[in-house]
Amino acid sequence: MTDPADSIEIQNVVASTGIGQELDLEALAEDLPGADFNPDNFPGLVYRTQEPKAAALIFRSGKIVCTGAKSIDDVHEALGIIFEKLRGLSIPVEEDPEITVQNIVSSADLGHQLNLNALAIGLGLEDVEYEPEQFPGLVYRMDEPDVVILLFGSGKIVITGGKRTDDAEEAVEEIVERIEALGLLG
Amino acid sequence: RLRKWQERIRTKDAGERNLQFALSEIDRMASALGVPRSVREVASVIYRRALKEDLIRGRSIEGVATAALYAACRQEGIPRSLDEVAEVSRVEQKEIGRTYRYISQELGLELKPVDPKQFVPRFASALGLSEETQAKATEIIDVSAEQGLLSGKSPTGFAAAAIYAASLLCNEKKTQREVADVAQVTEVTIRNRYQEQIEAMGFR
DNA sequence: AGATTACTTTACAAAGC
DNA sequence: GCTTTAAAAAGTAATCT
């Protein structure tokens, strides 16, 4: 009896923050080795950290988006590295910038194959998007917690849109309950 | 005042012209796809509903018209794939799919997932296959879907593989390429689905 | 006929067009 | 709306050997 909640793995965390200081991205692109800046394409400068692996989008306003980290701790660590890099370039950075987690993407395994056709009808066509011609996953929008779940025929799922670590666990418990209530799991 | 009347008439005319354009586009695409008149009328009703619910704001008239036709075909049980619909529309497939999902949700169409069996008569007759082979393909779809092989798979690819398998079993062999061409899928997809289906049927 | 690479879907922030 | 960034799921597709 393995609990599907135990299979949850955080795959990506998106967070935002700001250093409270305007930046000259042209100059920063010169001083920061490995930085990608193509203002014609996108207004943000892209900077990648190796350990932990993450990507940061740095904007002229001083606001920063961090994505690609595998945990909230990694987000803080990666942004800490960036803050230090900026300070090293004698750019004033607030002592402890507030970091807001915007989205957590997790994956999990329900441990049984799923009949997506039956599930689409059972969960209610009004809350479900299942168009296998366009994408193999069934898209289920859950209200509590407020997340979106992608369910696949293999029983593997993706939970996204949550801001707290607990959201994924609650979502898995809830979806398992709903699928079991329909008699469509195992 | 006169200004206001003129503006109202102009707006009304523009709206009327847009509606006429949309309906003529639905008619043109429906003819090109060879769908019956009844389906065009269902598509027109869906388009008018979308217009009434103000769903066209921010999207192209042609996109909504195409999505309405795609939805109508599904509702009437004679689906066309997004690929086929995109071929006769000036809107790209991705946009048609997105618009369909949007109007489907907003109008509460609640259309069930496309049943691969609904492609069998059209694909099989395009290949000149007998009723017997069609019945076999339908049986293969039923059996393999019942065993859970359909989840997440493209309905056209699933139907194409079943038709290919049935053509072999009924000694009316069509090549994977021939079937792939009418179903607008690749031979690779047919091979993959075919392998799973014959195993589900207990052959091998 | 593989293998590889790439694209489809979901969520989210950022600044600017 | 779009642009960019990241990551998972599984199916489909294009291209190369």
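Residue numbers begin at 1 in each chain, while the letters A, B, ... track the order of the sequences. These figures come from a predicted structure and were not determined experimentally.
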### Query
Starting at CD1 of I10(A) and ending at P of dA6(D), how long is that distance when rounded to a whole Å?
19 Å

### Spacing of the C1' atoms in dA8(D) and dG2(C) (rounded, Å)
25 Å

### Query
When the P atoms of dC7(C) and dT4(D) are considered, how many whole Å apart are they?
11 Å

### Message
Quiz question: by atom type and distance under 3.5 Å, do the side chains of E9(A) and S107(A) form a donor-acceptor pair?
### Response
no

Do any N or O atoms of the protein come closer than 3.5 Å to N or O atoms of nucleotides 13-17 of chain D, and which pairs are they?
from    : atom 1 : to      : atom 2 : distance (Å)
dA13(D) : OP2    : T186(B) : N      : 3.2
dA13(D) : OP2    : T186(B) : OG1    : 3.1
dA13(D) : OP2    : T189(B) : OG1    : 2.7

### Query
Rounding to a whole Å, what distance do you find between I19(A):CD1 and dA13(C):P?
21 Å

#### Entry: Under-4.0 Å salt bridge between E174(A) and R178(A)
yes

### Query
Under 4.0 Å between a Lys/Arg side-chain N and an Asp/Glu carboxylate O for D181(B) and R177(B)?
yes

### Task
For G152(B), answer base if it contacts any base atom (sugar-phosphate contacts may also be present), sugar-phosphate if it contacts only those atoms, and nothing otherwise; contact means non-hydrogen atoms under 4.0 Å.
sugar-phosphate

### Task
Write down the distance between CD (E187(B)) and P (dG2(C)), rounded to a whole number of angstrom.
14 Å

### Task
Take atom OH of Y194(B) and atom C1' of dA1(C), then tell me their distance rounded to the nearest Å.
15 Å

### Message
Within the 4.0 Å limit for protein heavy atoms, which parts of nucleotides 5-11 of chain C are touched? Write it as a string from 5' to 3', B for base, S for sugar-phosphate only, - for none.
### Response
---BBBB

### Task
Would you mind pulling out the nucleotide paired to dA6(D), Watson-Crick or G-U wobble, both distances under 3.5 Å?
none

### Message
Just to verify, which of I179(A), V128(A), V158(A), V139(A) counts as forming a side-chain contact (heavy atoms from CB on, under 4.5 Å) with L151(A)?
### Response
I179(A)

## Note on the structure
note: Y140(A), atom OH; dA8(D), atom P; distance rounded to Å ~ 26 Å

### Task
Could you name each residue pair satisfying side-chain hydrogen bond (donor to acceptor under 3.5 Å, both in side chains) that touches residues 149-159 of chain B, not counting sequence neighbours?
S154(B)-T156(B)

### Task
Send over the distance from I175(A) CD1 to dA9(D) P, rounded to a whole Å.
18 Å

#### Entry: Complementary nucleotide for dC12(C) - Watson-Crick or wobble, under 3.5 Å
none

### Message
Is there, by distance only and without an angle test, a donor paired with an acceptor across the side chain of T67(A) and the base of dA6(D) below 3.5 Å?
### Response
yes

### Message
If I pick the P atom on dT9(C) and the same atom on dG1(D), what distance separates them, to the nearest angstrom?
### Response
13 Å

### First of E95(B) and K156(A) reached from the 5' end of DNA chain D, by closest nucleotide
E95(B)

### Query
Please give, in whole Å, the distance from dG16(C) C1' to K63(A) NZ?
14 Å

### Query
According to the Watson-Crick and G-U wobble definitions, with both distances under 3.5 Å, which nucleotide is paired to dT12(D)?
dA6(C)

### Query
Could you give the CG-to-C1' distance, from L119(A) to dA9(D), as a whole number of Å?
15 Å

#### Entry: Ring-face cation of R59(B) near Y102(B) (centre distance under 6.0 Å, axis angle within 45°)
yes

### Message
Students often get this wrong, so: under 4.0 angstrom with heavy atoms, is R193(B) touching a base, only sugar-phosphate, or nothing?
### Response
sugar-phosphate

### Message
Between R122(B) and E84(B), does any NZ, NE, NH1 or NH2 come within less than 4.0 Å of an OD or OE carboxylate oxygen?
### Response
yes

### Query
Toward the 5' end of DNA chain D, which comes first, F59(A) or Q11(A), by nearest nucleotide?
F59(A)

### Task
Please determine if a side-chain N or O atom of S61(A) lies less than 4.0 Å away from the OP1 or OP2 oxygen of dA15(C).
yes

### Query
Within the structure shown, what part of the strands sits under 4.0 Å from S154(A) by heavy-atom distance: base, sugar-phosphate, or nothing?
sugar-phosphate

### Query
Does R48(A) put a side-chain nitrogen or oxygen below 4.0 Å from OP1 or OP2 of dA6(D)?
yes

### Query
Between the side chains of S61(A) and E22(A), does any donor sit under 3.5 Å from an acceptor?
no

### Query
For K174(B), does the NZ atom have more than 12 heavy-atom neighbours from other residues, nucleotides or ligands under 6.0 Å away?
yes

### Query
If you measure from the Lys or Arg side-chain nitrogens to the Asp or Glu carboxylate oxygens, is any gap between D27(B) and R40(B) under 4.0 Å?
yes

### Query
Looking at R74(B) and E131(A), does any basic side-chain N land under 4.0 Å from a carboxylate oxygen?
yes

